[in-house]
Amino acid sequence: MRKLHKHSVLKFSALLLSLLPALCLSNDLIFEKNVTQIHEAMQEGKLSAHELVDYYLKRIKVYDGALNSIITINPNALTEADKIDAKIASGEPLGPLYGIPILLKDNYDTADMKTTSGALAFKDLQPVKDAFTVAKLRQAGAIILAKTNLTELARHGMTVSSMGGQTLNPYDLTRTPGGSSGGTGAAVAANFAVMGTGSDTVNSIRSPSSANSLVGIRPTKGLVSRTGISPCSDWQDMGGPIARNVADAALMLSVMAGYDPQDQSTNVIKNKKIENYTDALDTDGLKGKKLALLTTNLGEDPEVLRIVNSAIDDLTALGAEVIKVDLPQLKLADLLKNNDVQEWEQAPYLDKYLASIGSGSSIKTAAEYVKSGLLTPSIVNEMTRMVNEKDPLNNPKYLARIKKNKELAANITEFMHKNKIDAFVYPLQSVLVVKTTESKGQYARNGLMASVMGFPAITLPGGFSSSNDTAPIGVPVGIELMGEPFSESKLISMGYAYEQGSHNRKPPVAFPDLDFSSIK
């Protein structure tokens, strides 16, 4: 696929904007529509799965040269769509995601496509079976449309890799799309599919959701299996949905959740019925709720603070009580310094993952991966340090952090119960998503709080910064709600009420809906 050079992206954006008045808009059955709306069109005979997949493939062909979000297209996507259309025509039973094209972050195993984790060293890595959640998505009728770029091995928040290069933000092509699941975030925001998957070790589902005016859900640890997802951290990793609206994210989470005997973290839900999270969609979901604005990590960015204040006004108007709390034990700088455990976990768990791939990978260990020399420069030092760590899972510093995280989770849960708090609210990132040239990386992201405690969180479109020359409608800012373990239904209910009462999502203007019928 053709990739634009960095100096061309602004010209691309300006060209599209100049042409907008003359372009023929179309596809109002698809663009920005949710699953329910698409299924209604299919059942009424107005839209086929083939047409839906074809539309998205053409958008990728036309637009991804500017975004650089896609690593691999599924060559069988249209064939799979035709099978769904045949089922619809014959009246066969259909799953809840029938005919819905989705994107997979390219650290989710697929038996029919390579899984690169964004690494050139793994460009030929071929799993023998789908990740547990990918199998569940296919069983629900979803069509895997493509696999997306990510920060290599999901290491940080810039979404740059040796395999896929730098992905750009569709709202401002000088900025990152967040990360590490930034390929999914940019692509879903630009309407390359209905929704997609991310994996979240620190912020990596929610950072791209915040940066791209999307909804992202990090589930409670143990609700969703990680089997078949290339790991960063056993303690902190979670997979989850990234979508343009709360309803689609809730539906996707309902499909992905479930007990997996291969992932011991899911023992907490063994023999438990998984909720249908779409039952929680309630426009009155904020009425009578008590939210705590967490001031500890608010930061001082005036654009972010303006959006936070607007969100508090909306949440209050929609029926919630909002109080302010400062919890020094959740200070981001201290959590990064004293609680994050991926430095000790990634190398041994990557070794375990590669062993599960067997002959499907020529590289067998994290040490061999580092020795290949094919890493993107941004992760060389940290990966080298990790593979040189001796017996990391028995390191006293690591074990102390695990203990500290368990105690922190218990203390914060007790605080919520004592003060009758339904959720914390805060900006996912207390500065605007950064430029691709930012030497500090994607800093000031608050998602680590939920990650080290194993808590669920939902990130929602909060609004946009002021517009400028590179950001025609401004840069998205995400508002996050964090709850106690297994409060997903409550978070979704509150998030849906906020979404429906604020309508903050706007698609990026540089990637409009066009008539693609002439594209081959």
Side-chain angles (χ1 to χ4, degrees), residues 29-30 32-44 47 49 52 84 88 93-103 133-143 184 188 193-198 200 205-206 209 214-220 222-225 238-259 269 272-287 289 318-319 422-423 456-461 480-483 485-505:
L29 295 174
I30 304 174
E32 288 282 308
K33 293 296 187 287
N34 64 26
V35 171
T36 297
Q37 293 167 321
I38 290 170
H39 280 169
E40 287 175 353
M42 287 180 172
Q43 292 298 329
E44 293 170 2
L47 178 68
L52 183 63
I84 294 293
I88 295 172
L94 298 166
L97 290 175
Y98 71 87
I100 297 299
I102 67 170
L103 301 167
T133 48
V134 173
K136 287 175 69 66
L137 290 164
R138 291 199 208 255
Q139 289 163 8
I143 297 169
T184 298
V188 172
V194 179
M195 50 196 173
T197 66
D200 191 299
I205 289 170
R206 296 160 293 148
S209 300
L214 299 170
V215 176
I217 300 176
R218 177 192 167 89
T220 303
L223 182 63
V224 173
S225 167
M238 284 303 298
I242 296 175
R244 289 188 290 271
N245 55 79
V246 175
D248 285 355
L251 176 58
M252 195 172 181
L253 179 61
S254 299
V255 171
M256 295 179 73
Y259 170 68
I269 60 168
K272 291 185 179 180
K273 183 179 179 181
I274 300 300
E275 296 180 61
N276 181 349
Y277 293 107
T278 62
D279 291 342
L281 303 174
D282 183 1
T283 54
D284 291 328
L286 283 161
K287 289 185 177 179
K289 297 298 190 296
L318 291 164
D422 292 292
I458 183 170
T459 303
L460 304 151
E480 181 150 295
L481 299 175
M482 178 177 68
F486 299 104
S487 63
E488 279 82 358
S489 285
K490 184 185 289 187
L491 293 175
I492 286 166
S493 181
M494 293 188 291
Y496 183 73
Y498 173 65
E499 173 193 68
Q500 296 300 304
S502 60
H503 297 288
N504 289 324
R505 160 110 186 128

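Every value quoted in this text rests on a predicted model; they were computed, and no experiment measured them. When reading the values below, keep in mind they use all heavy atoms of this one structure, side chains included, and skip hydrogens, waters and symmetry mates.
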I need the minimum non-hydrogen distance between [X] and [Y], along with the two atoms involved.
| X | Y | answer |
| --- | --- | --- |
| Ala250 | Ile217 | N-CD1, 4.4 Å |
| Gly99 | Met42 | O-CE, 3.8 Å |
| Ile492 | Ala280 | CG2-CB, 4.1 Å |
| Ala249 | Val215 | CB-CG1, 3.8 Å |
| Ser493 | Gly285 | OG-CA, 3.3 Å |
| Tyr498 | Leu286 | N-CD1, 3.8 Å |

Can you confirm whether [X] sits close enough to [Y] that some side-chain heavy atom of one is under 4.5 Å from a side-chain heavy atom of the other?
| X | Y | result |
| --- | --- | --- |
| Met195 | Leu97 | yes |
| Tyr277 | Leu251 | no |
| Ile269 | Phe486 | yes |
| Leu137 | Met252 | yes |
| Thr133 | Val224 | yes |
| Leu94 | Gln43 | yes |
| Ile38 | Leu29 | no |
| Leu103 | Thr197 | no |

Partner residues of [X] under the salt bridge (Lys or Arg N to Asp or Glu O under 4.0 Å) criterion, sequence neighbours left out:
| X | result |
| --- | --- |
| Lys272 | none |
| Glu32 | Arg244, Arg505 |
| Lys490 | Asp422 |
| Asp279 | none |

Would you check, one step at a time, whether the test side-chain contact (heavy atoms from CB on, under 4.5 Å) holds for Glu488 with Leu223? CA-CA 10 Å; Glu488 279 82 358; Leu223 182 63; 3.5 Å; yes
[X] (side chain) donor-acceptor with [Y] (main chain) under 3.5 angstrom:
| X | Y | value |
| --- | --- | --- |
| Glu499 | Val246 | yes |
| Asn504 | Pro461 | yes |
| Arg218 | Asp200 | yes |
| Glu44 | Ala41 | no |
| His39 | Asn34 | no |

Stepwise, does the side-chain contact (heavy atoms from CB on, under 4.5 Å) test hold for Ile143 with Leu52? CA-CA 11 Å; Ile143 297 169; Leu52 183 63; over 6 Å; no
Return the CE to CG distance between Met494 and Asp284, rounded to the nearest 0.5 Å.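 Here the interatomic distance stands at 14.0 Å.
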How many angstroms lie between atom CG of Leu281 and atom CD of Gln500, to the nearest 0.5 angstrom?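 Spacing of CG (Leu281) from CD (Gln500) equals 8.5 Å.
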Would you please name every residue forming a side-chain hydrogen bond (donor to acceptor under 3.5 Å, both in side chains) with Glu275, sequence neighbours left out? Ser489
Run the side-chain hydrogen bond (donor to acceptor under 3.5 Å, both in side chains) test against Ser487 and tell me which residues pass, sequence neighbours left out. none
Residues Met256, Lys136; criterion side-chain contact (heavy atoms from CB on, under 4.5 Å); working and verdict: CA-CA 6 Å; Met256 295 179 73; Lys136 287 175 69 66; 5.6 Å; no
Please say which of Thr36, Leu214, Val194 ends up in a side-chain contact (heavy atoms from CB on, under 4.5 Å) with Asp248.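 For Asp248, the side-chain contact (heavy atoms from CB on, under 4.5 Å) test succeeds with only one of Thr36, Leu214, Val194, which is Val194.
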Just by distance, no angles: are the side chains of Tyr496 and Asn245 close enough, under 3.5 Å, to form a donor-acceptor pair?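 Tyr496 vs Asn245: no donor-acceptor pair found between side chains.
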